[in-house]
Every structure is written in structure tokens, then in C-alpha cells.
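Scroll down for the structure; my scribbles are underneath it.
Source: prediction; values computed, not measured. Here is how names work: the chains are called A, B, and so on, in the same order as the sequence lines, proteins then strands, and each is numbered from 1.
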2 protein chains.
Amino acid sequence: MPKDRTPTRIQKKNRAAILEASLNVFSANGFRGATVDQIASEAGLSKPNLLYYFPSKVDMHNALLAQLMDTWLDPLREMDEDGEPLTEIMAYVRRKLQMSRDFPRESRLFANEIVQGAPRIHDALNHDLKTLVDEKTKLLERWMADGKIARVHPYHLLFSVWSLTQHYADFDVQVRAILGDEDPFDGADPFLETLYLRLLTP
Amino acid sequence: MPKDRTPTRIQKKNRAAILEASLNVFSANGFRGATVDQIASEAGLSKPNLLYYFPSKVDMHNALLAQLMDTWLDPLREMDEDGEPLTEIMAYVRRKLQMSRDFPRESRLFANEIVQGAPRIHDALNHDLKTLVDEKTKLLERWMADGKIARVHPYHLLFSVWSLTQHYADFDVQVRAILGDEDPFDGADPFLETLYLRLLTP
DNA sequence: CGTGAGTTTGACCGTTTGGTCAAATCACAT
DNA sequence: ATGTGATTTGACCAAACGGTCAAACTCACG
């Protein structure tokens, strides 16, 4: 196992390659569906060499999820209580949609984990996510009370943003089966704009 | 392997038990994550006995998906071109949400399959689903042209229904982590009602 | 160059997996 | 009751799996 002093250039390169390969394999097959050999081959390393950097399969998975959880919540974190309410929410939706476009593998990694009952991130869900959501929910309720946006159930409003945006990453094959050559996001962007404008304009 | 003459009472009972057990295990773990032993034990059969009724793991999975695909598309099929447009769409949304409530395991089976690239149902997606969607899409466009409902991208309108309703089944753990004791569907129902009313009222 | 830490690997191990098979048991029509 | 086909099972197998280990190689630095 490599020392956790300042990493050498080789450690940096290989760790990055492994995380990249892990992301590919885990997001496409789920945790149990992914094999260490597959990750090793995708990373261009021998299996023992791979396990030299991450002692086990779960370690790779954990490293990915830990790294992901933060970036995943960022778009919501950035929703600013001092901004114009409707603008802030629309911007949040746009950021979230952008994440589905830019990080579809990360989205599917997450989806795989949650569909199967989130056995490995239950705690993060009930703590990190719950805390952030409750904070932002209060903000949404204040905006509603002030008549800045229409009154809707704030939790379900957030659910709608998550599901509508992540759908384009998670259900990509289905979306493309319907749309054919058309770029999903070309249509999604104005559609969601319209949807939330009509839903939330007081 | 049992003859495919008229099934005996034992065949009926065991086939049903196996499909029930398969649904539990596949929906909770995905195809690769599910093991034959697990299904056998859940069905209360020995492994060889299970394989006497379904010759392989893929056969069980296929049987489930084939059976599912039809019921899954039914809510959309029922959308009636002779009905009142807005009412028809709202009823479709309600039926779809009801399916998430009544058949969450089926929804997760589907989700698992699609998130992982739908390797086993690619054809059904590009044919059965695509055909039905294109037919109903024409109907939606006619309603829009007639000014009965607001103009939005019809494909993305359908995507929104799918994602918003299935989210409550597929991301159940996450939803419950946020809502706590509150019944997800108590809030979902009026939320979606409001959302589609505001989106589609001309 | 030499040397020690960092890196890589072939060979291997125990377990789990999907699946087989012959033999035993059971259900039921005659 | 009995014979025949349907059902059930313990024992087994080959492949795939996650992971180990000692030995070999490579790199950076004095």
C-alpha cells in the first residue's frame, strides 16, 4: 500500500486512472455487477497493481461516492437567499441539468446506489442531504410566505428538480430511443424553463 | 424442464412463487447483483428445483421484463383521444403515480435495467415504446394545435411524467430520508396536479 | 553509479457463482 | 395398488470472483 505522504507523480496518475475506470465500470454495472478485473483492465493496470492503490473493491466505490456527494449537492448549496427567488430557483434547475449533461456517469453511479436502497450511503442521505435540504426548504418557504413564488410543497418541489434533471442522465438510453438524433438537452432546457416559470410565478 | 402443456397446479404455484421471488431479488440488486441461490431461498425452493422451472437466471429475468413491459405502457395506452385533453393528461399522470405506489418493485426493476444501458430490452424500447410514444405524441400535438392545452415539447412532456412519477418508487429511500414519516404520495398527488395544471392550461 | 523506497506482476488461494445430473420422491389416473 | 410422468434434491462441476504474496523491477536521489 502506498504511503499517504505527499503522493508521487506515479501515484497521482494511477489513482486518477483508477477512479476514472471505476466510475465507468461502477456506473455502467452497479457495485455488484462491476468486477475488479474489469476495472483493472479499463485502467490499464494489472489486478494486483490496482489493489496496491485501493486495497479493495469497496474502497474504490467509497472513494468515488465520497468525492461525488459533495459536488452533487453543490448546485443546491449555491442557491442564494439574497438573490431574486424565481431567478435563483431557475438557476438551480439549470445547474442541475448541466450536471446531468456534464457528469452522466456520476449521476448513474448515484442512481444505481439509490435504486438499490442506498446501502452504502444511507448515512450521508439522512445527514448531509437531509440537513442541506431542510435549510434550503426553510428558504423556499420564506419566499412563498413573502409571495415571491407560488405556494407548493417545498420538498416535492426539490424532488421534481432532481427527477426531471437526473432523468436525462439516468434514463439516457430510453430518452435517446425516443428522441433519435435530437440532442436531449436542446429540448430539455426550454422545457424545464417553461415548466418552472409556469409552476412558480405567483 | 416441465412440459409446456396445460400447467399443473404445482407448476402454476411454483412459477408464480419464482416470479414473485425474482422480482424481489432483481429489483433490489439488479441483474448481476441477484444470485440464483437468493431467488431459490426466497421462493422456498431448492436451487435445482428452481432451475427445473426456469432453465437459467436470464430466463427468469426475461419472463419478468416481458410480463412487465405491457403493464408498464398501459397507463399511456389508455390516454383517450376522444376525451377532454387536459383531463386525459391529468388522469394519465394519476395512473402513472398510482403505479409507482402499487408496483414499486416493478419500477425499480425497470430502472435498474435502464440505468445500466437497457442491454436486455433495447429492442422493446426502440420498437414497442417508440411506436406507442409516437402515436400518443401526435395526439398531444393535435391537442396543442387546437389550443386545448399549452404548447410544450411533447416528448419532454412525456419524459417529465415518467421521471416525476417513477421517482417516488425508484428513489424511495432518498424521498423517505427527506420526508421522514410523511407519506410521499400524500404530497406528490396534489403537487403533480398543480404542476401539470399550471404547465398545460392554455 | 548505488541503494532504498516505491511500484509491478505471475502465480496462487478460498469462496461464490450459474448450472448439471442421476437418483429419489411424489401425485394421480387407471 | 400400481405404474408413469411430474417433481424434488444432494452432490457435484467449471468458471469467475475478490483478494494475497513473494519476488522482481523501476525510479529518484545522493
Side-chain angles (χ1 to χ4, degrees), chain A residues 1-65 112-113 116 119-120, chain B residues 1-65 112-113 116 119-120:
Chain A
M1 191 163 46
K3 299 276 170 67
D4 40 347
R5 317 257 171 196
T6 51
T8 70
R9 122 198 110 78
I10 295 180
Q11 276 173 32
K12 270 187 197 164
K13 193 193 64 176
N14 282 345
R15 273 191 216 268
I18 291 169
L19 288 178
E20 173 74 10
S22 297
L23 182 55
N24 279 334
V25 177
F26 281 129
S27 69
N29 303 98
F31 179 75
R32 296 212 44 183
T35 75
V36 179
D37 291 88
Q38 210 179 338
I39 296 173
S41 124
E42 181 114 9
L45 300 174
S46 68
K47 184 164 61 164
N49 198 185
L50 186 139
L51 290 163
Y52 168 70
Y53 290 99
F54 291 83
S56 79
K57 188 179 161 182
V58 269
D59 283 302
M60 301 173 214
H61 199 246
N62 285 343
L64 275 182
L65 285 177
N112 261 304
E113 186 63 14
Q116 300 189 5
R120 282 165 262 278
Chain B
M1 190 166 44
K3 299 278 170 65
D4 39 347
R5 317 254 173 196
T6 50
T8 69
R9 120 198 111 80
I10 295 180
Q11 276 173 34
K12 270 187 197 164
K13 192 193 66 177
N14 282 345
R15 273 191 217 269
I18 291 169
L19 287 178
E20 173 74 12
S22 297
L23 182 55
N24 279 334
V25 177
F26 281 129
S27 69
N29 304 97
F31 179 75
R32 296 212 49 183
T35 77
V36 178
D37 291 88
Q38 211 181 336
I39 296 173
S41 123
E42 185 112 355
L45 300 173
S46 68
K47 184 164 60 162
N49 198 185
L50 188 155
L51 290 164
Y52 168 71
Y53 289 99
F54 290 84
S56 80
K57 186 179 163 182
V58 268
D59 283 303
M60 301 173 215
H61 199 245
N62 286 343
L64 275 181
L65 285 177
N112 262 303
E113 186 63 14
Q116 300 189 5
R120 281 164 265 276

Note to self: For A:H61 and A:F26, take the angle between the two ring planes, folded into 0 to 90°, and tell me which bin it lands in: parallel under 30, tilted 30 to 60, perpendicular over 60.
What the structure shows: perpendicular

Item checked: Nearest-angstrom distance from the residue atom CZ of A:F54 to P of D:dT20 -> 16 Å

Checklist line | Side-chain-base donor-acceptor pair under 3.5 Å for A:K57 and D:dG19 | finding: no

Next item on the list: Could you work out which one of C:dT7, D:dT8, C:dT17 sits closest to the side chain of A:N49?
Entry: C:dT7

Item checked: Any A:Y52 side-chain nitrogen or oxygen under 4.0 Å from OP1 or OP2 of C:dT7 -> yes

Check: Which part of the nucleic acid does A:I10 contact within heavy-atom distance under 4.0 Å: base, sugar-phosphate only, or nothing?
Finding: sugar-phosphate

Next item on the list: Might you point out which heavy atoms bring B:V25 and B:A34 nearest each other, and give the distance in Å?
Entry: CG1-CB, 3.4 Å

Next item on the list: Between D:dC27, D:dT8, C:dG19, spot the one nearest the side chain of B:V36, thanks.
Entry: C:dG19

Next item on the list: Could you state the atom-to-atom distance from CG of B:D59 to P of C:dT20 in whole Å?
Entry: 10 Å

Next item on the list: Would you indicate which nucleotide in C:dT17, C:dA27, C:dT8 comes nearest to any side-chain atom of B:R9?
Entry: C:dA27

Next item on the list: Can you tell me the distance, in whole Å, between the CD1 atom of B:I18 and the C1' atom of D:dT8?
Entry: 12 Å

Next item on the list: By nearest nucleotide on DNA chain C, pick out whichever of A:G44 and A:R32 is the more 5' one.
Entry: A:G44

Checklist line | Straight-line distance of B:I18 CD1 to B:Y53 OH, nearest 0.5 Å | finding: 7.0 Å

Margin query: Heavy atoms only, 4.0 Å cut-off, all strands: where does A:A40 land among base, sugar-phosphate and nothing?
Written below: nothing

Next item on the list: Return the nearest nucleotide to the side chain of B:D37; candidates are C:dG18, D:dG19, C:dA27.
Entry: C:dG18

Next item on the list: Find which nucleotide of DNA chain D each of B:K13 and A:F31 is nearest to by heavy atoms, and output the residue with the more 5' nucleotide.
Entry: B:K13

Checklist line | Within-4.5 Å side-chain heavy-atom neighbours: B:L23 and B:M60 | finding: no

Next item on the list: Measure the distance from CD on A:Q38 to P on D:dG18 and round it to the nearest whole Å.
Entry: 9 Å

Checklist line | Side-chain N or O of A:Q11 closer than 4.0 Å to phosphate OP1/OP2 of C:dG6 | finding: no

Next item on the list: Figure out the CG/P separation between A:N29 and D:dG18, and round it to whole Å.
Entry: 11 Å

Check: Under 4.0 Å between a side-chain N/O of A:N14 and OP1 or OP2 of C:dG6, yes or no?
Finding: no

Notebook entry, point to check: Measuring from B:I39:CD1 to B:E42:CD, what's the distance to the nearest 0.5 Å?
Noted result: 9.0 Å

Note to self: Of the options C:dA11, D:dT9, D:dG18, whose atoms approach the side-chain atoms of A:P48 most closely?
What the structure shows: C:dA11

Item checked: Separation of atom OH in B:Y53 from atom P in C:dT20, rounded to whole Å -> 17 Å

Checklist line | From NZ (B:K57) to CG (B:N62), nearest 0.5 Å | finding: 12.5 Å

Notebook entry, point to check: From C:dG19, C:dT20, D:dG19, pick the nucleotide closest to the side chain of B:K47?
Noted result: C:dG19

Next item on the list: Taking only the side-chain heavy atoms of A:L51 (C-beta and beyond), determine which of C:dT9, D:dT20, D:dA6 contains the nearest atom.
Entry: D:dT20

